[in-house]
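Here's the structure we're looking at; comments come further down.
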Amino acid sequence: MPLEIVRNDITKMTVDAIVNAANESLLGGGGVDGAIHYVAGPELLAECKTLGGCKTGKAKITGGYNLPAKYVIHTVGPIYEDGKHGEKALLESCYRESLALAKVHNCETVAFPLISSGVYGYPKDQALKVAIDVISDFLLENEMKVYIVIFDKAAYKISEKLFSDIAEYIDDNYVDEHTDYRRESMRMNVPMQASIGLFEADLCECKAMLSDDDLDAKLKQIDESFSQMLLRKIDEKGMTDAECYKKANIDRKLFSKIRSDVHYKPSKPTAIAFAISLELTLSETEDMLKKARFALSHSNKFDIIIEYFISKGNYNIFEINEALFAFDQSLLGA
Ligand code: AR6
């Protein structure tokens, strides 16, 4: 997954660079800044003293010293007043400038805290959205693994409206295992003959609607593997491979593997990530999942959240991942 939201202490991240939410003096402070200086040791402060400070929205880089990270990128987020003082543009600039510096220093892995969302008071849900928007834009053009590191659960908040909408959707749709099992066995008790009859009727109707060529194509699709279906859908949507795997938050290496192995069996989150990237409808998503021998179920919160987003026509994988994270579910992507 090129962008991942993780819960951790950023000073423990073994990455090429961690980003520090600093102040304009670059001489240390509280919050994540204090934690980074504490672990890195006094040499970090000594190097920071040579930098001559840093303007809000800009970034500067130093070594990581005793940290597991090779570099620290110091950026200065805006102090949030009321959202009408250019705070958003400045916060976006922090992420952009930090990513640009990481790129110049050939960093392959970078971890960000939620800049400005502590002492500087930026509302956490909005701070997270800015982080996700800027980083995902950057990842469309660049190969890098980026982590957004959330320190504690309380520091993490998707918008209350979205959270309560999803919670309501889960309440309305959640069926416990037993109910699902009962339904399943009821379906299995439908006389076999009746289902064969239905299948034949479907086939006749299908034949009547399709020309021979269409029918041939449809029959071929029945035998398609997951990988073949994925490549066909990418072509049908007029996307390039890169557009598709980037939008799916899948890294290039995994995509190449799927591409070259006709029988590749993806994990369920990977299969769903592609369905989201291709903006498939719910029934198309089900078809694609079937190819990997999965299905969406109402006895599973993860599945219901996916269904919620597809039914709303919201295919932004990062927003979906935010919501999955908020509900303690595994994330989409590789
Ligand atoms: N790992 C990851 N995230 C952390 C950690 C950690 N170890 N510690 C805190 N956070 P803040 P700001 C989260 O206040 O709002 C300093 O004094 C925290 O929960 O560190 O940009 C500087 O010197 C919050 O979500 O930074 C500046 O004066 C996020 O990091 C000022 O604070 C940012 O909180 C900068 O304020």
Side-chain angles (χ1 to χ4, degrees), residues 3-42 44-49 51-62 64-69 71-83 85-99 101-102 109-135 145-160 322 325-326:
L3 170 58
E4 211 172 314
I5 308 172
V6 295
R7 198 171 296 145
N8 203 347
D9 173 346
I10 205 164
T11 62
K12 298 198 163 74
M13 296 289 293
T14 307
V15 284
D16 293 332
I18 61 170
V19 177
N20 181 18
N23 58 56
E24 288 195 346
S25 76
L26 293 189
L27 299 180
V32 72
D33 195 6
I36 289 174
H37 276 275
Y38 180 77
V39 179
L44 177 62
L45 182 60
E47 187 178 353
C48 283
K49 281 181 180 164
L51 298 177
C54 179
K55 289 221 156 60
T56 302
K58 301 283 178 199
K60 292 197 174 171
I61 193 164
T62 63
Y65 301 98
N66 295 331
L67 287 158
Y71 298 110
V72 180
I73 295 172
H74 307 261
T75 189
V76 184
I79 297 172
Y80 190 87
E81 288 180 51
D82 53 7
H85 289 78
E87 293 96 328
K88 182 162 179 273
L90 285 168
L91 188 57
E92 287 169 347
S93 165
C94 288
Y95 286 97
R96 264 199 301 273
E97 297 267 328
S98 301
L99 288 164
L101 257 186
T109 49
V110 178
F112 281 91
L114 269 191
I115 299 160
S116 281
S117 73
V119 176
Y120 282 178
Y122 210 103
K124 289 186 165 94
D125 54 338
Q126 293 174 42
L128 179 64
K129 182 146 179 29
V130 169
I132 288 174
D133 285 351
V134 178
I135 295 169
K145 169 102 191 179
V146 181
Y147 297 91
I148 297 177
V149 182
I150 309 291
F151 194 41
D152 56 284
K153 177 88 178 166
Y156 179 83
K157 216 168 122 208
I158 57 172
S159 95
E160 272 163 27
E322 272 177 64
F325 189 85

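Counting starts at 1 for both ligands and their atoms, following the listed order.
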- Can Gly77 be said to touch ligand 1, with heavy atoms closer than 4.0 Å? no
- Item | Test item: Glu97 side-chain N/O and Gly57 main-chain N/O as donor-acceptor pair under 3.5 Å | no
- Task: Output the distance between atom CD1 (Ile61) and atom CD1 (Ile73), rounded to the nearest 0.5 Å.
- Result: 4.5 Å
- So, the side chain of Thr75 versus the backbone of Lys58: is there a donor-acceptor pair under 3.5 Å, distance only? yes
- Query: Any sub-3.5 Å donor-acceptor pair from Tyr95's side-chain atoms to Ile115's backbone N or O?
  - Reply: yes
- Side chain Ser98, main chain Cys94, donor-acceptor under 3.5 Å: yes
- Are any side-chain N or O atoms of Asp16 and backbone N or O atoms of Val110, one a donor and one an acceptor, separated by less than 3.5 Å? no
- Message: Under a 4.0 angstrom heavy-atom cut-off, which atoms of ligand 1 come close to Ala21?
- Response: 21 (O), 22 (C), 26 (O), 35 (C)
- Message: Give the atom numbers and elements of ligand 1 that come within less than 4.0 Å of a heavy atom of Gly31.
- Response: 20 (O)
- Taking only non-hydrogen atoms of Gly29 and a 4.0 Å limit, the atoms of ligand 1 in range are 17 (O), 23 (O)
- Below 4.0 Å from any atom of ligand 1, is there a heavy atom belonging to Thr11? no
- Note on the structure: Quick note on ligand 1: atoms under 4.0 Å from a heavy atom of Asp33 include exactly 22 (C), 23 (O)
- Task: Drop me the distance from Ile150's CD1 to Asp9's CG, to the nearest 0.5 angstrom.
- Result: 13.0 Å
- Task: Could you list which atoms of ligand 1 come closer than 4.0 Å to a heavy atom of Gly30?
- Result: 16 (C), 17 (O)
- Message: Out of all atoms in ligand 1, which are within 4.0 Å of some heavy atom of Leu114? Include the element for each.
- Response: 29 (C), 33 (C)
- Any N/O pair Pro113/ligand 1 closer than 3.5 Å: no
- Between the main-chain N or O of Pro78 and the side-chain N or O of Ser116, is there a donor-acceptor pair closer than 3.5 Å? yes
- Message: Evaluate Gly118 for polar contact with ligand 1, using N/O atom pairs at a separation under 3.5 Å.
- Response: yes
- Any N/O pair Lys124/ligand 1 closer than 3.5 Å: no
- Task: Report, in ascending order of atom number, the atoms of ligand 1 lying under 4.0 Å from any heavy atom of Asp9.
- Result: 1 (N), 6 (C), 7 (N)
- Examine distances only and state if a side-chain atom of Glu24 and a backbone atom of Thr56 form a donor-acceptor pair shorter than 3.5 Å. yes
- ligand 1 to Val32 polar contact by distance, N or O atoms, under 3.5 Å: yes
